[in-house]
Amino acid sequence: MSNQKFFKAFFALKPGAIQETVILSPVVYPKQFERVTGEKGKHYKSILGYLVANFKNTTFVKTPMTQAAVSDAVLLLSKTGCKKTVFIGAIGGLARGLKIGDVVATNKPRHVYSVRSIHEETRKKLLYLRKKGIVGIDFESRAFFAAARKAKLAARAFYVVTDLPLTKPFYIKKTKREKHKIKFALEESIKISSKK
């Protein structure tokens with residue numbers, strides 16, 4: 001199998017078609033990104049299920065919600081003209097004062113702790129992480145920043161607080177207001193991340 005075919009299994013594009021800025025997200029879809037930015041892109045679906053939209057200055061990639069999916073995509077960007085990666089994700093907020101619908105932005109992986117499984121989210125562990133200064137938890141952050149560092153790419157992340165694991169975990173139904181705040185926060189994250 002050629003390297004180009006391997007690459008296309010993830011991006012459905014040739015490496016030369018990837019833009020300098022690549023935005024990855026397991027929670028935002030290309031059509032949503034397009035609607036918020038007002039820019040029309042060309043859409044692709046890879047055989048591995050990644051949804052890709054290519055714009056004038058940006059490539060947007062909807063990844064599956066796993067560490068491996070995010071890591072694999074970022075590592076492959078080292079074979080392209082990509083210089084900057086941006087991640088838009090969701091976190092369970094741990095820091096005191098965080099509310100559902102808040103946005104946390106960082107270029108430092110230590111602020112968000114990535115769990116491998118929901119079963120790791122015990123009260124004891126969550127309290128320990130909060131005490132250590134962890135802002136929130138997710139699945140992909142560790143993989144995103146580690147892969148970007150290995151690929152020598154600038155990396156920044158925007159996280160929307162979608163639940164509060166210690167007081168309102170993900171499986172508790174959200175109010176209409178909370179759903180609206182999450183939607184608004186995702187749109188704001190898209191707008192900020194897509195600015196040149």
Side-chain angles (χ1 to χ4, degrees), residues 2-91 101-109 111-112 138-160 162 182-196:
S2 77
N3 284 338
Q4 199 162 98
K5 284 183 180 174
F6 180 76
F7 186 91
K8 284 182 83 172
F10 289 84
F11 293 97
L13 291 168
K14 293 179 181 177
I18 302 294
Q19 304 294 341
E20 280 194 25
T21 299
V22 176
I23 299 172
L24 301 103
S25 179
V27 296
V28 175
Y29 284 83
K31 291 276 187 191
Q32 187 181 6
F33 183 87
E34 197 173 63
R35 183 178 48 76
V36 172
T37 61
E39 189 180 353
K40 295 288 180 201
K42 193 161 181 190
H43 295 251
Y44 307 86
K45 182 177 181 182
S46 77
I47 62 169
L48 292 176
Y50 293 75
L51 302 176
V52 179
N54 221 14
F55 301 93
K56 187 178 177 187
N57 298 306
T58 305
T59 299
F60 177 85
V61 182
K62 161 70 172 81
T63 69
M65 198 179 283
T66 68
Q67 291 183 14
V70 172
S71 178
D72 288 346
V74 174
L75 287 171
L76 283 171
L77 292 175
S78 66
K79 313 272 185 221
T80 72
C82 175
K83 301 272 190 287
K84 179 174 87 170
T85 55
V86 181
F87 183 79
I88 301 174
I91 60 169
D102 285 351
V103 176
V104 174
T106 185
N107 55 4
K108 296 184 173 140
H111 294 139
V112 176
D138 79 341
F139 291 112
E140 308 89 5
S141 190
R142 180 184 340 177
F144 169 71
F145 280 108
R149 189 170 52 250
K150 191 171 183 180
K152 295 180 173 52
L153 298 170
R156 184 151 178 79
F158 295 88
Y159 304 100
V160 175
T162 55
I182 290 168
K183 182 176 181 278
F184 179 77
L186 276 172
E187 288 175 355
E188 288 303 300
S189 297
I190 291 167
K191 285 177 192 171
I192 295 165
S193 67
S194 62
K195 283 183 180 168
K196 312 301 171 263

How close do [X] and [Y] get, counting heavy atoms only, and between which atoms?
| X | Y | result |
| --- | --- | --- |
| Lys45 | Gly49 | CE-CA, 4.3 Å |
| Phe60 | Pro30 | CE2-N, 3.6 Å |
| Ser25 | Val27 | OG-N, 3.1 Å |
| Ile88 | Pro26 | O-CD, 3.4 Å |
| Leu76 | Thr80 | O-CG2, 4.0 Å |
| Ser193 | Val86 | CB-CG1, 3.5 Å |

Any donor-acceptor pair under 3.5 Å linking the side chain of [X] with the backbone of [Y]?
| X | Y | result |
| --- | --- | --- |
| Glu34 | Gly41 | yes |
| Asn54 | Ala17 | yes |
| Lys8 | Leu13 | no |
| Thr59 | Gln19 | yes |
| Gln67 | Phe139 | yes |
| Glu140 | Ala69 | no |

[Y] and [X], any side-chain heavy atoms less than 4.5 Å apart:
| X | Y | value |
| --- | --- | --- |
| Pro64 | Tyr50 | yes |
| Phe10 | Val61 | no |
| Asp138 | Phe144 | no |

Parallel, tilted or perpendicular for His43 and Phe55, by the 30°/60° rule?
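His43 vs Phe55 ring planes: perpendicular.
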Output the distance between atom [atom1] ([X]) and atom [atom2] ([Y]), rounded to the nearest 0.5 Å.
| X | Y | atom1 | atom2 | answer |
| --- | --- | --- | --- | --- |
| Asp72 | Thr66 | CG | OG1 | 8.0 Å |
| Lys83 | Leu77 | NZ | CG | 11.5 Å |
| Phe11 | Lys79 | CZ | NZ | 12.0 Å |
| Ile190 | Arg35 | CD1 | CZ | 7.5 Å |
| Ile91 | Asp102 | CD1 | CG | 9.0 Å |

Contacts table for residues 148-159: side-chain donor-acceptor under 3.5 angstrom, sequence neighbours left out:
unit_1	atom_1	unit_2	atom_2	d
Tyr159	OH	Ser141	OG	2.4

Apply side chain to side chain contact (heavy atoms under 4.5 Å, CB included) to Lys108 and list each qualifying residue two or more places apart in sequence or on a separate chain.
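Partners of Lys108 under the side chain to side chain contact (heavy atoms under 4.5 Å, CB included) test: Thr106, Arg110, His111.
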How far apart are the C-alpha atoms of Lys191 and Glu187, what are their side-chain angles, what is the distance that settles it, and do they pass the salt bridge (Lys or Arg N to Asp or Glu O under 4.0 Å) test?
CA-CA 6 Å; Lys191 285 177 192 171; Glu187 288 175 355; 5.5 Å; no
Report the C-alpha distance between Phe7 and Ile18 in whole Å, list the side-chain angles of each, state the deciding distance to 0.1 Å, and finish with yes or no for side-chain contact (heavy atoms from CB on, under 4.5 Å).
CA-CA 11 Å; Phe7 186 91; Ile18 302 294; 3.8 Å; yes
